[in-house]
Structure formats: C-alpha cells, structure tokens
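Just so you know, these numbers use all the heavy atoms, side chains as well, and skip hydrogens, waters and symmetry mates. Please read all numbers here as calculations on a predicted model, not as lab measurements.
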Amino acid sequence: MALDLAFELMMLLTGGCALLVSAWLFWRARRQRSMKALAGFGIMMALWCSGHVSVFYGWERLGKMLILANPLMPTFFLDFAIGFVNQGPGRRPWLDNLARRRGLFYSAALLVLGISLALGGGDIISFGPFSHYFVFSGAGWFNIIYTIVIGILAHALLLWGWRIHRGNRRRSIAAMFAAGAWGLWLATSFIFPSLGLYWYPWPMLLLPTYVVLLVYGVVRYQMLEVNAWANRALLWILMTALVMGLIALLSSMAGPFGMQALANVPEWQLWLYSMLLLMLALALYQPVSKLVERLIYPGSRLGEQLLDTWLNRLAEPSHWAGLSAVAEQLLSHQMGQPVQVRLLPNEQRPPVVEGPCIICRHQNPGWQSRLQGFEDVTPGLRLAAEVFASLLTTRCSLLERSLQLAEAERKRLSEQHLVELGGLSAAMAHELRNPLNIISMASAGLEPERKAMIQTQLKRADRLISDMLAYSGNIGVQRQSVPLLAMLNSLRPQFDWQHTRFECALSDEVRLSADAYRLQQVLVNLIDNALAFVRNQPNGVIRIEAGDRPGIVRVHNNGPAVPEDMLNHLFRPFVGKRSGGSGLGLSIVRRIMDAHGGRIQHRSDMGWPVTFELFFPEDRSC
C-alpha cells in the first residue's frame, strides 16, 4: 500500500472514530456540561483530520482553514477539564469564575484562527510520498504555540485535580494523562516537515487510537457500557490478529505439506474470507450469546435499570414489615416464583420456612444475609437472589439507622415535654394541696357521713396529684435483686379485694433485677387497675405468674377485654376508662419500665381477656 494512501486512510479513520465517539458521548452524557465539551473536542479532531484529507485532494484553502482551527481542540479540552475537576472536593470559586468566562477562551481561539488565516499561517509542499502536505509558516507558529500553551494549561488543571480528588475521578485523570502522553508522541511527527525534517510521520498512522483511548480513560470508571464495549473491542482485535497470523502460517506451509490448492490461493483472498467469517461471527455473537444465557442462566440479567428499580423501591418503606413485603414482591417477580423474605432486626433465631427464602439478620458488627431453600434453583436465579440480598442488607442497615434516629428524636421531645410538664405539675400540686388541706380541716366538725364523703374525694384528688407528679417527674432506678413473691405478699393487705380471688403462681426463686420502690409502684398500679374491673364481676380472678424466661412477669385478669379502639394508645395519659382512676396508672407503669430498659405490652392470646406482660432486662446475678 502506498504510504500517502496509508496516511490518508488513517486520517479518515481517525476522523470517523472521533465523530462516532463524540456523537455517542453527546447522547449518553447530554446532561453533563463537561462531557459535551469533550464531545466538542472529538468533533474538532475530526475536522482537523478532514483538513489533511482536503489538502491531499487539492482543496488547499479549506484544508488550511481546518488545520489552523486546531486551537479550538485544546480550548474544548480546557472547558472539559474545568467542568470535570470543579466537582465535589475540587469545587473552588476561581474555577466557577473560569467556567463563567469560558466564552473568552473560545473567542481567543477564534481570534488566533483569524490571524493565522489572514497572515498566511501555512504552506502546501511536496516531499517524499506526499504531493500535498501542510507545513506551518509565519503566523502559523503563533497558532501552534498558542495551541500548545492552552493544552499545557488544561493538563496542569487536571494535575491539580489529581491531587485534590480521590477514587474513580482521580483514576480517570491519571488515565487522561496516559492518553495525553500517547497523543503528544503521535502528533509530534506531524510538525517535523515544518522544522525542515522531511521524515515520514509514521506515528501518525496510530492516531485513531488516541481519541478512543482519551474518551475511554475519561468515562471508563463512570459508564458500565464503556467497559463492556472496550472488552468486546479488545477481544475482536486479538481474534483478528490471531486469525491473520494463522492464515499467513497456513499459506506458507501449505505447499511443503502437499496442499497445493490452498497454496495457490492468493493470500489476500484467504485474509478476506477470514475477515468475512469474523464479521459474520461478530454479527451472530450477540443473539447467540443471549440465547445461550437464557438457556443456561435464565433470569440472571441484572442491568443498571433493574438495579436502580430495586434500590428505589427498597428505599420507599419506613418500617420492617413494609420493607419485607416490598422485597418479597420484587424478588418473586424477578424469579417467577414465590420467595419469602424474613428480616430479623433483634438477632432472633431464623424461622424454618419452606421454599426459597432470604433471611437478613442483625449480627455484630452489622447485617448479614443468607439464602435458604435455593438448592433446586437455577444458577442464574441464585445469582440474582444473591445480588438482591446484598442490596437488601444495605437497605436494612440504613432503615435501622433511620429508625434509631427517629426514636432518639422522639425520646428527646418526650423528655423535653416531661421537663415542662414536671415544672407545671409541681407548681399545680403546691397550689392545689393548700386549699385541699384547708377543706380537710374545715370538714373535721361535720357529721360523720358528710365528713366521710368529703375525705373520700380529698383522697381521690390527692391520688390524682401524686400520679401527676409520678408521671411527669424524673424516674431514677437503683437496681437490686428483688424477690417477687415476698414483695407481692407484703402488698396484698393494701388492697380491697372484695371477694376477688388472687392467684400468685410464683416460686421463691423468682427474682427481678429492678428498683424495689419502682417495682412496687408497677405492681400496685396494675393490680389496682385490674381490681377496678373485676370487683363487681362474678368469680373475679387476678393471677400473677412468671414467663418462660427470667425477667418476664405476666399479670392476668378475667375482666372485660380492652376495646379495639384503645389498643393503639392504651399506655398514653388519660386514656383509661376505670371509674375513680386518674388515667395515668398505665402511663406511669410504661415510664418505669422504660427507665429499667424494659417494656410492657398488652396481650389477649394467653387464655385470659386481659394480660399485661412485663419484660425486665435479665441479670445473671439474680
């Protein structure tokens, strides 16, 4: 092949590659200003290559204009560098100012282009295999020097960004420098004839690789499809080289081995047939690959769009039940069969389930997931489930942290409210007890029946004041080992049982790690609350028993069941409907249990209409 024709073909190939890459980049990154500038750089390189081809065909005026437009190439690259570096930790006010004044750089490049054209910045000469070749002269040297200075400025900005940024952006900048060094070495051979060195520009034959490597270095860490494209491109380049080498080897060895017919076939025909076979294989590779993938790994295609959908849907729920339901729906749809999801935020034992199931457990130091019942699932579906389980564990960690922050904020607001309520309650108690004491003393001389009625109401008012102070005050606990049976026996005489049967199914060994005074308040409030409902009932029973593990106590009664509309706010102040009560008994019990680090809950599934279950933190010393 003639050397001038080879040079022309490389210019056409470089321009074509630059246009294709720029068009793809402009479409793929249409919302990123910096990537648009990089696409502009590719377009200018395509025009620069077109200028050389124009010179070869005698269109000298057009060719000179396109070649002397090369200051626009580094200008576009500088625009890209400003936008690429001025993000995240590299954000600076002076870069914002440069970005706002980017129009000045383009105006300066156009001015240099105009001066170069007006003063004659280049000539057309013939040397070696070239009958038409562009060389710089006169103002053209100012053109090339300005181009080099802008290029150095852009790369200096990238070097500064390399020092500031970390991660993928830093690696992208390093890749750009490697591609820039490669492009500089290729381009230097172009100006040798302008310096009086009439050497053939061999490095320019590799120029098509520069624009591809540059763009690939920028986006390879940001766009997954670029890496897939590079993987396929490298594979087919190596396959082409291997096939051409094998054909050359067969052609040279066919004669000595008696394959005269093969030896008589021109070598270029063998290469042409081989290239046609490769092109056919390339065209059939994608559909055949998809067919094989569906046969071997059905359901395993996990694209960016699917992963984004999973992440967005998993981010919607704000509680564990909702997250479990959404996860089951997503994975069941992907696998085409029912899949269960179990979330265990309290380090519970994993349940035994039938069929495919993903179990996410909270274990120190974080969340872990495992697949259960996937033995008969195809490898592709198992891969999809493993990826989904990984995303689900991450979402569980985020939801747990969100719930913890919400609970901390709730407690902060509750404590602030209680501080304000405590001050108000103390002031009210002081102001109310003075007139109550006066009323009590004034009733001393009344007849017994009227005096008893007044004293009963005064005791009720005093109990209400005491409950308000207990609820709004600061509850401190001093833990000790408390024998529960002995405490209950000491409290029994305080209550007016009125033929209510009291059953205490506790052994002497049952002990609780609790504050004795506060535990007594809990028991008194619960028993008194139960008596208010069972005193007037036939065969009224109150039963206290231990749970199935240390620290659990249950208080049963056979009074009327709690109405459904009260269950959600049973432990809030002034919700109870017992006659003569303050409405704060159960609220005080819950505050005392919270202070112990325990909890209380209502149950109706234990064979009794009403059960209050207390959970005290277990103390091994008990």
Side-chain angles (χ1 to χ4, degrees), residues 14-15 18-19 21-23 25-26 29-52 54-55 59-87 90-123 134-161 173 176 180 183-184 187 190-191 194 210-211 214-215 218:
T14 302
L19 283 177
V21 170
S22 297
L25 190 61
F26 192 85
R30 51 189 176 275
R31 295 185 180 180
Q32 302 181 40
R33 165 77 194 202
S34 59
M35 293 303 173
K36 289 182 178 179
L38 188 61
F41 169 82
I43 293 173
M44 289 310 304
M45 175 165 281
L47 294 176
W48 184 79
C49 294
S50 301
H52 288 282
S54 299
V55 169
W59 303 330
E60 296 183 1
R61 186 174 181 82
L62 176 62
K64 287 182 180 181
M65 183 179 68
L66 293 177
I67 294 175
L68 290 175
N70 60 2
L72 287 169
M73 267 195 295
T75 303
F76 273 107
F77 193 77
L78 176 61
D79 188 0
F80 157 74
I82 293 172
F84 193 77
V85 171
N86 191 29
Q87 298 183 32
R91 190 90 183 186
R92 296 294 187 277
W94 59 272
L95 284 175
D96 290 333
N97 291 331
L98 282 179
R100 285 192 293 268
R101 292 170 174 78
R102 58 170 61 93
L104 296 177
F105 292 105
Y106 289 104
S107 299
L110 292 174
L111 180 62
V112 172
L113 169 60
I115 294 174
S116 303
L117 290 174
L119 300 181
D123 296 318
F134 178 89
V135 293
F136 290 100
S137 64
W141 289 108
F142 171 67
N143 182 292
I144 192 66
I145 291 174
Y146 178 84
T147 301
I148 293 173
V149 169
I150 296 299
I152 292 175
L153 179 61
H155 284 79
L157 181 58
L158 288 176
L159 179 62
W160 178 84
I173 293 175
M176 278 186 272
L184 178 64
F190 163 69
I191 63 172
S194 301
Y210 168 60
V211 63
L214 178 63
V215 175
V218 174

E60: side chain to side chain donor-acceptor pair (under 3.5 Å) partners, not counting sequence neighbours: none

With sequence neighbours excluded, residues passing side chain to side chain donor-acceptor pair (under 3.5 Å) with N143: S116

Under the side chain to side chain donor-acceptor pair (under 3.5 Å) test, residues paired with S107 that sit two or more places apart: none

Member of V149, I148, I150 meeting the side-chain contact (heavy atoms from CB on, under 4.5 Å) criterion with I152: I148

Salt bridge (Lys or Arg N to Asp or Glu O under 4.0 Å) involving D96 - partner list, sequence neighbours excluded: R91

All side-chain contact (heavy atoms from CB on, under 4.5 Å) counterparts of A37, not counting sequence neighbours: D79, F80

Note, T147 side chain near M73 side chain (heavy atom, < 4.5 Å): no

Geometric class of the F134/F136 ring pair [parallel <30°, tilted 30-60°, perpendicular >60°]: perpendicular

Ring geometry between F77 and H155 (parallel below 30°, tilted from 30 to 60°, perpendicular above 60°): parallel

For M65, side-chain contact (heavy atoms from CB on, under 4.5 Å) partners two or more places apart: L62, L117

T14 vs Y210 side-chain heavy atoms within contact, under 4.5 Å: no

Plane angle bin for W160 and W94 - parallel if under 30°, tilted between 30 and 60°, otherwise perpendicular: perpendicular

